[in-house]
There are 2 protein chains.
Amino acid sequence: MKVESIQKTSTPELVVREILKNIKSGELKPGDKLPPERELSKAFGVGRSSIREAVSAMVLVGYFHVTQGKGVFLRDDIPSPHIFNGKLRDVLAAYWILDLIETREHLECSVVRMAAAKAGDKEIQQLREAVDAIRANSADVNRFYESDFDFHMTLAEAAENPVMSSILKMIIEKLHADYMAFMPDTLCRPDRAVETAERIVDRIEGKDGERACAVMLEHLGIVKTELVRIIPEIKPHRNPQNMVLLES
Amino acid sequence: MKVESIQKTSTPELVVREILKNIKSGELKPGDKLPPERELSKAFGVGRSSIREAVSAMVLVGYFHVTQGKGVFLRDDIPSPHIFNGKLRDVLAAYWILDLIETREHLECSVVRMAAAKAGDKEIQQLREAVDAIRANSADVNRFYESDFDFHMTLAEAAENPVMSSILKMIIEKLHADYMAFMPDTLCRPDRAVETAERIVDRIEGKDGERACAVMLEHLGIVKTELVRIIPEIKPHRNPQNMVLLES
DNA sequence: GTCAACAGGTTGTCAGACCAATTATAAAAA
DNA sequence: TTTTTATAATTGGTCTGACAACCTGTTGAC
C-alpha cells in the first residue's frame, strides 16, 4: 500500500513562506527591518510564538540578524535579484539607446506574454487602475510619463518574476533619464498611449499573449518613432524577432 | 575605545549545548526519544518556549525528527553540520533560482532569434568553433561548463546587442557561481549538450529562429530538470510564453 | 474477536505577562 | 542654547497556563 505522507504545513512554515514572498517581491530589501513580532502576529493572524519560531529559523539559516531591543534585520548578503543592481547600472550606462530600446522591447514582450498567462482578477484590476492613472494624468507631461512607468511596472509585477522586473525597471529608468528629457512635450501622445495600454490589458485579460505583445510593441513604438525623428543618429530598426506580427 | 562585543548566550543555546552533551556522551542514542518538552523544561529549569526553540533549531539543522503526538526522536543517520552550512541555507536561498532561469530562458530565446536573423558566414563559423570547443572539452566538467558558457556568449555576440549579452552574461555567471556548485558532476550531459548546440547552430544557419529557439529551450532544460530533481523546493514550471513549441 | 469510545501522553498554537536591551522623549542642569 | 540626565516607549527574550490536534493503548459494548 502506498502511504501518503501528507503532513499539514505548520503555521511557522507558512509564515516563513510569506516572509520569503515579501523578500522576493522586493518589498523587504537587504538591511530593512522586519516589523516587530507583535505586529506581525496581528498582521498574519497567528500567535507570537509562531512568528518567533519562523523568524528564528530564518535567523539560524542566515536570512536575518537580530538585536534585542532594536529589531530583526534582513542581511544584506543574501542572494537576491537586486544583487545585479550595481553592476547592471554600470553596464547600462555604457551603451547606445537603440540597444537599450531593443532590449526593452524583448523584455516587455516576454513580460506581457507571462502576464497574459498568469494574471488573475486582482492583477487585471490593478492594471485597469494603472491605465486609469495614465488617462487621469495625460494633461501633464511629467505625470504622464510617471503613470506610464507605473503601468509598465504593474505589468512586470503581474508577470511574477522579480528578476525581470528589476532589470526592466533599470532600463526604463535609464531611457527616461537620459533621453526623454530631450523630447519636446508636443511629441508625446497621451491619447494614443492610453488607448494602446487599454488594449494591452484587454488582450491580457483574454489570455492572448501574442496579440498583447503586438500591441505592446506598438505602444513602445509610439515613443520610439518620435525619438528616431528627433535624434538622427538613431536609425530605425526592424521589429524584434521574437514577435509575430498580427493584424489587430 | 575598544568595544567588547560580548553577547550573553541565550537560554535556548544553553539548552542546545546541554542536549548535545547528552548526545555526545551516548546517553541519547540514535532513535531514542527526547523527554517531553514539559519534562525538559522542569529538568533544565527553563521555560517551555526555550526548550521548543532549542529543539526546533536542532530539528531544522537535522538532529531530530518530530511527530506530533509521539515525540521528538534523535535521527539515526549522521547529524552532519554541512546540512546547515551549505545545503539548507542555499535551499532557502534558492528561492529565486527559478526566476533567474526563467529570465535566462527568455533572453536566450530572444538572442537566438536575433542571431538567426543577423548571423552571417563569419558568425556561423565562430559558432561552429564554439561547438567544437564544447565537444573537445566534454571530458572535463569544469572545462565543459566553460566552453558551454563561451558558446552562449558567442551566440549573444551574434545577436549584436551588447546590452542583452551583458545582462545574459551576468545571469549565467550568477547561476553557475551560486548553484552549479551543488550539482554532482555526473548530472551534466556533455554529449546531449553538444548535440543540441549543434542543432541550434544549424537552425540559425537556416534562418529558422523559431526552431532554433525551441532547441535552445531544450538545451537549457537539460540542466534545469536535473537541478529540479536535486532541490525539491524548485518546482518545475511551464515553458517561456514567448516560444512556440515546434516538433524538431 | 471486532470495533467504537475513551483517556492519557505529546507536540502545536495561542494569549498574556514580565524581563532586558535599545531608542526616543522630555526634563533638568550647565 | 547646549548638554546631561531621567523617564517612557519600543522591541526582542523568556515564562506560564490553557487549549487544540494528534498518536497510542485500554476499556467496554456488540
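Numbers restart at 1 for each chain; the letters A, B, ... are given by sequence-line order, proteins then strands.
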Find every protein N or O atom lying less than 3.5 Å from an N or O atom of nucleotides 4-11 of chain C, and list the pairs.
| residue | atom | partner | partner atom | Å |
| --- | --- | --- | --- | --- |
| C:dG9 | N2 | B:G69 | O | 3.2 |
| C:dT11 | OP2 | B:E37 | N | 3.0 |

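Pairs of residues two or more places apart, or lying in two chains, that qualify as salt bridge (Lys or Arg N to Asp or Glu O under 4.0 Å) and include a residue from residues 38-49 of chain A are A:E37-A:R48.
Between the CD1 atom of B:I51 and the C1' atom of C:dG12 there is a distance of 16 Å, rounded to whole Å. Rounded to an integer number of Å, the gap from CZ of A:F73 to C1' of C:dA21 is 13 Å. Rounded to whole Å, atom C1' of D:dT11 lies 16 Å from atom CZ of A:F64. If you take CG of A:L14 and P of C:dC14, they are 10 Å apart, rounded to a whole angstrom. If you measure from atom CG of A:L40 to atom C1' of D:dT11, you get 12 Å, rounded to the nearest angstrom.
Across all strands, A:S49 comes closer than 4.0 Å to base atoms (heavy-atom distances). When heavy atoms are screened at a 4.0 angstrom cut-off, A:S50 is found touching the sugar-phosphate backbone but no base atom.
With sequence neighbours left out, the side chain to side chain contact (heavy atoms under 4.5 Å, CB included) criterion links A:D148 to A:I134, A:H152, A:H219. Annotation: side chain to side chain contact (heavy atoms under 4.5 Å, CB included) contacts of B:V16 (sequence neighbours excluded): B:L20, B:A54, B:M58. A:D32 meets the salt bridge (charged side-chain N to carboxylate O under 4.0 Å, His left out) test with no other residue; sequence neighbours excluded. Annotation: salt bridge (charged side-chain N to carboxylate O under 4.0 Å, His left out) contacts of A:E13 (sequence neighbours excluded): A:R17.
Electrostatic pairing of A:E205 and A:R128 counts as a salt bridge here, judged by a charged N lying under 4.0 Å from a carboxylate O.
Checking the phosphate oxygens (OP1, OP2) of D:dG13, no side-chain nitrogen or oxygen of B:S10 falls inside 4.0 Å.
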